[in-house]
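Below is one structure, written out as structure tokens, with a few remarks after it.
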Amino acid sequence: MTVGPGRGWTVAESVELEARAYGWLVLVTLPAVTFAAMQVVVLGPGNGGLDWSVLWWAVAVPLTSALPALGAAIVVLPVTYGVGRCLRRVDSDAAHVGWTAVTAGLTAAVMIEVIAGATSYTAPFRADALLFGLVYAVPFGIAAAVAGALARIGQLRRAAAVVPVPVPVPAAEPLPTPLR
């Protein structure tokens, strides 16, 4: 990957970004967001206080979300590639990180809403199913946005660390002259 104006963007870089973001999502950001959300629920008004089942949810939600998140990462790969191609001429690393975060968060939230609406037990896309999905879509979108940003930061940091080293070219020897 090149750094600076005229950055390149390939399918391989899109796959790498998706893989790194998936790792961040399943291993770090989703457990953290789940833990924080459950703390808000448990420590909310009228509740008993600290409950150790919060740790169970912080493990169970990422485990049960791992396979759907992998499917979502594959489905969203063309979007990642398209955004990467659009940002080739943008020199700002902050813009790259910001757009990656926005794209990851929005696509994750939309996919959660579509899944919630399509799998409604009573009728597809009922308002109560979409509201229930929104309860999951917002935290999942936040976790995906942070994961996407962290993955893009790492990708940019690695690209900046790889500096092309000029290879010295040996001086050319004169060509032999033919004998007469």
Side-chain angles (χ1 to χ4, degrees), residues 1-41 43 54-55 57-117 130-164:
M1 185 165 100
T2 58
V3 177
R7 301 174 197 233
W9 191 258
T10 63
V11 173
E13 290 168 336
S14 298
V15 170
E16 176 195 359
L17 179 61
E18 289 281 343
R20 292 175 63 85
Y22 176 77
W24 276 107
L25 176 71
V26 173
L27 298 174
V28 179
T29 61
L30 191 54
V33 167
T34 303
F35 183 79
M38 290 304 297
Q39 285 293 357
V40 168
V41 170
L43 297 177
V54 170
L55 292 177
W57 284 107
V59 172
V61 169
L63 282 178
T64 58
S65 300
L67 193 57
L70 180 61
I74 293 168
V75 168
V76 174
L77 190 57
V79 175
T80 302
Y81 179 72
V83 170
R85 295 287 291 178
C86 289
L87 291 174
R88 283 182 303 168
R89 303 230 185 256
V90 176
D91 193 32
S92 169
D93 287 349
H96 281 259
V97 172
W99 274 108
T100 301
V102 167
T103 304
L106 283 178
T107 54
V110 166
M111 292 191 89
I112 293 289
E113 279 297 309
V114 168
I115 290 169
L130 295 177
L131 182 61
F132 183 74
L134 190 62
V135 170
Y136 289 103
V138 171
F140 205 93
I142 291 169
V146 172
L150 290 171
R152 187 67 177 132
I153 288 169
Q155 200 177 36
L156 290 169
R157 185 174 293 149
R158 271 197 345 277
V162 177
V163 178

(request) Can you see which heavy atom on M111 is nearest to which on A72, and at what distance? (result) SD-CB, 3.5 Å

(request) Hey, could you give me the CZ/OG1 distance between R152 and T103, rounded to the nearest 0.5 Å? (result) 11.0 Å

(request) Could you please spell out the steps behind the side chain to side chain contact (heavy atoms under 4.5 Å, CB included) verdict for V26 and S65? (result) CA-CA 8 Å; V26 173; S65 300; over 6 Å; no

(request) List for me each residue that meets side-chain hydrogen bond (donor to acceptor under 3.5 Å, both in side chains) alongside T80, sequence neighbours excluded, and say none if there are none. (result) E18

(message) Less than 4.5 Å apart, side chain to side chain, heavy atoms only: is that true for C86 and W99?
(response) no

(request) Heavy atoms only: give me the nearest A101-A149 pair and the separation to one decimal. (result) CB-CB, 4.0 Å

(request) Check whether any side-chain heavy atom of V146 sits under 4.5 Å from a side-chain heavy atom of W24, and report yes or no. (result) no

(request) Would you name the heavy atoms of V33 and A143 that are closest together and state the gap between them? (result) CG2-CB, 3.9 Å

(request) Looking only at non-hydrogen atoms, find the nearest pair between A104 and T107 and report the distance. (result) O-OG1, 3.2 Å

(message) Any non-hydrogen side-chain atom of T100 less than 4.5 Å from a side-chain atom of Q155?
(response) no

(message) Once rounded to the nearest 0.5 Å, what's the spacing between atom CG of L30 and atom CD1 of I142?
(response) 11.5 Å

(message) Please give me the minimum heavy-atom distance between A147 and A21, naming the atom from each residue.
(response) CB-O, 3.5 Å

(message) Tell me the closest heavy-atom pair linking L25 and P31, and the distance in Å.
(response) O-CD, 3.7 Å

(request) Ignoring hydrogens and angles, tell me if any N or O in the side chain of R85 forms a donor-acceptor pair with the backbone of G82 under 3.5 Å. (result) no

(request) Could you tell me whether a side-chain N or O of Y22 sits under 3.5 Å from a main-chain N or O of A66, the two making a donor and an acceptor? (result) yes

